[in-house]
Amino acid sequence: GSAAANFWPAVVEASQARLPLIMLTADRPPELLGCGANQAIDQCKMYGDYVRAVYHLPCPTREIAPGYVLTTVDEAVHRACHAPAGPVQLDCQFREPLAPVPEERRHAAYLTDLQDWRQGARPFTRWYPQVGSAKLSAHRDLWSRISGLAQEPGGHAGPVNRLRHGLLLVGRLRDEAESAQVREFARQLGWPAYPDILSGLRTGAAEPPWIHHYDSLLLESYWRTACAPEVVLHLGGPITSKRLTEHLARLRPEYFHVAEHPLRQDQDHLVTYRIEADLSRFLAGLCTEFTHAPTVQQSLGVETMAAASARVDKVIADLCDHTATFTEIHVARIVSRLRPEGTPLFVGNSMPIRDLDRFADPEGPPGPVYANRGASGIDGNLATAVAHA
């Protein structure tokens with residue numbers, strides 16, 4: 001009946017966030033569809049283009065090879081997890097009787113060809129990721145623009161007389177291992193690094209090159225002028241700060257975005273170089289292009305910008321400590337300080353995610369932060385928050 005329609009908000013959010021999700025929907029047999037039978041609706045493509053794939057499993061019968069069922073399930077799992085990850089529907093038809101009946105069923109002969117699979121712990125079909133998705137040419141192309149070894153007029157490669165003013169943006173990352181690798185890469189690169197709240201790097205470390213209060217600094221015209229990168233390297237998911245993306249839209253720097261999926265994630269149309277690759281493997285390959293931290297001259301030094309960010313943090317801390325009125329700033333600050341280290345935190349849409357991104361204590365305990373930044377729906381929030389809980 002209409003039960004499968006209740007999955008809609010979760011399906012939309014999972015699709016927008018590229019999160020693996022498999023829906024098992026029960027269906028009536030084909031002879032009861034389209035003829036007014038009770039609890040029978042058209043469940044084919046009921047989620048539209050928000051699912052990565054739909055698989056229809058026919059009513060159970062011994063005439064259907066069990067290998068067909070297993071390979072279908074394995075492909076569904078692969079499509080849900082493979083970039084771009086997202087929701088997949090397995091629609092399973094059943095004939096009556098639907099409830100268990102006292103019938104002895106002998107399946108040994110039916111499952112004869114599956115003995116190895118039944119006795120093991122592996123899927124029937126294993127899928128391997130695409131090999132070589134991070135091309136060496138992409139590493140060298142990016143490194144040439146980071147280091148200043150761009151094409152000279154006339155097409156000859158050679159060092160340009162000045163080094164590039166760069167900015168590192170870090171969006172949503174997958175896990176702590178990826179966060180640790182990005183943290184080390186940022187240290188080697190030496191550019192100012194702006195960590196989004198969903199990167200897992202917004203709290204837990206306040207030292208350079210991390211600039212935590214970049215959103216507040218951009219309120220001042222002086223810092224907007226100082227923050228004028230020639231090249232931007234954006235790792236991971238989208239950036240929460242609307243002020244930052246609007247600032248970069250006015251500057252229009254060379255903009256590299258590295259993500260593990262092929263989908264366009266660029267509402268301000270900033271990206272000039274789109275690199276589809278596993279982020280960890282790509283950074284490992286990029287690090288082989290330089291053996292020491294590049295000497296990059298900034299229009300504003302990292303240390304100076306970090307000191308300014310620390311002054312902003314002190315203003316926020318003083319406000320929270322000496323203002324009797326309880327505000328959204330207090331909420332973001334207190335939550336970022338009191339969360340037990342490593343505890344996942346799910347944040348609501350609209351202002352809660354923006355407040356935490358802007359006002360969280362950089363020295364608060366580290367840990368993953370989650371939010372829906374796709375459809376930003378209320379029902380989707382409930383689905384995601386319940387799943388995390």
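The first residue in the sequence is number 1, and the count goes up from there.
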Grouping I, L, V, M, F, W and Y whenever their side-chain heavy atoms are under 4.5 Å apart, do I211 and W223 come out in a common cluster? yes
Grouping ILVMFWY residues whenever side-chain heavy atoms fall under 4.5 Å, the cluster of V335 otherwise contains I197, L198, F326, V331, I334, L338, L345, V347, I353, L356, V369
Can you see which heavy atom on G171 is nearest to which on D196, and at what distance? CA-CB, 4.0 Å
Chi angles and distances behind the side chain to side chain contact (heavy atoms under 4.5 Å, CB included) call for Y47, T25: CA-CA 12 Å; Y47 303 111; T25 55; 3.9 Å; yes
Just by distance, do the side chain of D266 and the backbone of V271 share a donor-acceptor pair under 3.5 Å? yes
How far apart are the closest heavy atoms of R62 and Y110, and which atoms are they? O-CE1, 3.4 Å
Once you round to the nearest 0.5 Å, how far does CG of L24 lie from CG of L57? 9.0 Å
More than 12 heavy atoms of other residues, nucleotides or ligands under 6.0 Å from CD of E363: yes or no? no
Applying salt bridge (Lys or Arg N to Asp or Glu O under 4.0 Å) to R250 and D268, what does each step give before you reach the verdict? CA-CA 10 Å; R250 288 188 291 268; D268 294 292; over 6 Å; no
For residues V231 and W191, determine if any side-chain heavy atom of one lies less than 4.5 Å from a side-chain heavy atom of the other. yes
Could you tell me if R358 and S216 have a donor-acceptor pair between their side chains, going purely by distance under 3.5 Å? yes
Any donor-acceptor pair under 3.5 Å from N6 side chain to A3 backbone: yes
Is L283 reachable from L189 through a run of hydrophobic residues whose side-chain heavy atoms are each under 4.5 Å from the next? yes
Quick one: OG on S2 to CD on Q39, what's the gap to the nearest 0.5 Å? 9.0 Å
Could you walk me through whether R333 and L319 pass side chain to side chain contact (heavy atoms under 4.5 Å, CB included), step by step? CA-CA 11 Å; R333 196 76 174 176; L319 174 71; over 6 Å; no
Please, which pairs that meet side chain to side chain donor-acceptor pair (under 3.5 Å) have at least one residue in residues 65-77, sequence neighbours excluded? Y55-E75
From T272 atom OG1 to H257 atom NE2, the distance as rounded to the nearest 0.5 Å: 12.0 Å
Tabulate below the donor-acceptor pairs under 3.5 Å that side-chain atoms of residues 27-38 make, not counting sequence neighbours, or state none.
| unit_1 | atom_1 | unit_2 | atom_2 | d |
| --- | --- | --- | --- | --- |
| R28 | NH1 | N38 | O | 2.7 |
| E31 | OE1 | R95 | NH2 | 3.2 |
| E31 | OE2 | R95 | NE | 2.8 |

Could you tell me if the side chain of H213 sits less than 4.5 Å from the side chain of I316, heavy atoms only? yes
Would D357 and K242 count as a salt bridge (Lys or Arg N to Asp or Glu O under 4.0 Å) if you check the C-alpha gap in whole Å, the side-chain angles of each, and the deciding distance to 0.1 Å? CA-CA 11 Å; D357 186 57; K242 188 175 181 180; over 6 Å; no
Flag yes if more than 12 heavy atoms outside D321 fall under 6.0 Å of its CG atom; otherwise flag no. yes
Taking the side chain as everything from C-beta on, heavy atoms only, tell me whether P209 gets closer than 4.5 Å to L168. no
Over all atoms of both residues, closest heavy-atom pair of Q43 and Q89: O-NE2, 3.6 Å
For residues Y222 and L217: do they belong to one hydrophobic cluster (side chain heavy atoms under 4.5 Å, members Ile, Leu, Val, Met, Phe, Trp, Tyr)? yes
Carefully, step by step, assess Y370 and T384 under the rule side chain to side chain contact (heavy atoms under 4.5 Å, CB included). CA-CA 9 Å; Y370 300 100; T384 311; 5.9 Å; no
Is it true that a side-chain atom of R224 and a backbone atom of L219 form a donor plus acceptor pair closer than 3.5 Å? yes
Does the H322 side chain pair with the main chain of D318, one donor and one acceptor, at a distance under 3.5 Å? yes
Could you tell me the separation between the CZ atom of R118 and the CG atom of D113, rounded to the nearest 0.5 Å? 11.5 Å
P208 versus V302, closest heavy-atom pair with distance: CB-CG1, 3.7 Å
If you draw a 6.0 Å radius around CD in E328, do more than 12 non-hydrogen atoms from other residues or ligands fall strictly inside? no
Checking L248, L218, L251 against C227 for side-chain contact (heavy atoms from CB on, under 4.5 Å), the one that qualifies is L218
Between T203 and G367, the two heavy atoms sitting closest are OG1-N, 4.5 Å
Non-hydrogen side-chain atoms of M46 and D91 separated by less than 4.5 Å: no
Can a donor-acceptor pair be found, under 3.5 Å and without considering hydrogens, that links the side chain of R339 to the backbone of G364? no
Is the backbone N or O of L173 less than 3.5 Å from a side-chain atom of E178, with the two atoms forming a donor-acceptor pair by type? no
Polar side chain donor-acceptor pair, S336 to D361, under 3.5 angstrom: no
Between the main-chain N or O of V12 and the side-chain N or O of S15, is there a donor-acceptor pair closer than 3.5 Å? no
Parallel, tilted or perpendicular: which one describes the rings of W117 and F124, with boundaries at 30° and 60°? perpendicular
Side chains of R52 and R18 in contact at under 4.5 Å (non-hydrogen atoms): yes
More than 12 heavy atoms of other groups within 6.0 Å of R252 CZ: yes
Any Lys/Arg nitrogen of D278 or R174 sitting under 4.0 Å from an Asp/Glu carboxylate oxygen of the other? yes
Parallel, tilted or perpendicular: ring planes of Y255 versus H234, cut at 30 and 60 degrees: perpendicular
Can we say E246 and R243 salt-bridge, meaning some charged N sits less than 4.0 Å from an Asp/Glu carboxylate O? no
One should read off an interatomic distance between E13 CD and N381 CG, to the nearest 0.5 angstrom, of 6.5 Å
Could you give the distance from OH (Y50) to CD (Q16), rounded to the nearest 0.5 Å? 5.5 Å
Tell me, with the steps shown, if W210 and R183 meet side chain to side chain contact (heavy atoms under 4.5 Å, CB included). CA-CA 9 Å; W210 301 106; R183 192 181 295 113; 4.1 Å; yes
When every non-hydrogen atom of H212 is compared with those of P195, the smallest separation belongs to CD2-CG, 4.0 Å
Do the side chains of L270 and L169 join up, straight or via other hydrophobic residues, at under 4.5 Å, putting them in one cluster? yes
Less than 4.5 Å apart, any side-chain heavy atom of V182 and any of S199? no
With a 4.5 Å limit on heavy-atom distance, are the side chains of C320 and I329 in contact? yes
Is there a donor-acceptor pair under 3.5 Å between the side chain of H330 and the backbone N or O of T327? yes
Does the S309 side chain pair with the main chain of M305, one donor and one acceptor, at a distance under 3.5 Å? no
Can you find a heavy atom in the side chain of L279 that is under 4.5 Å from one in the side chain of F185? no
With clusters defined by side-chain heavy atoms of hydrophobic residues (ILVMFWY) lying less than 4.5 Å apart, directly or transitively, does I22 cluster with V11? no
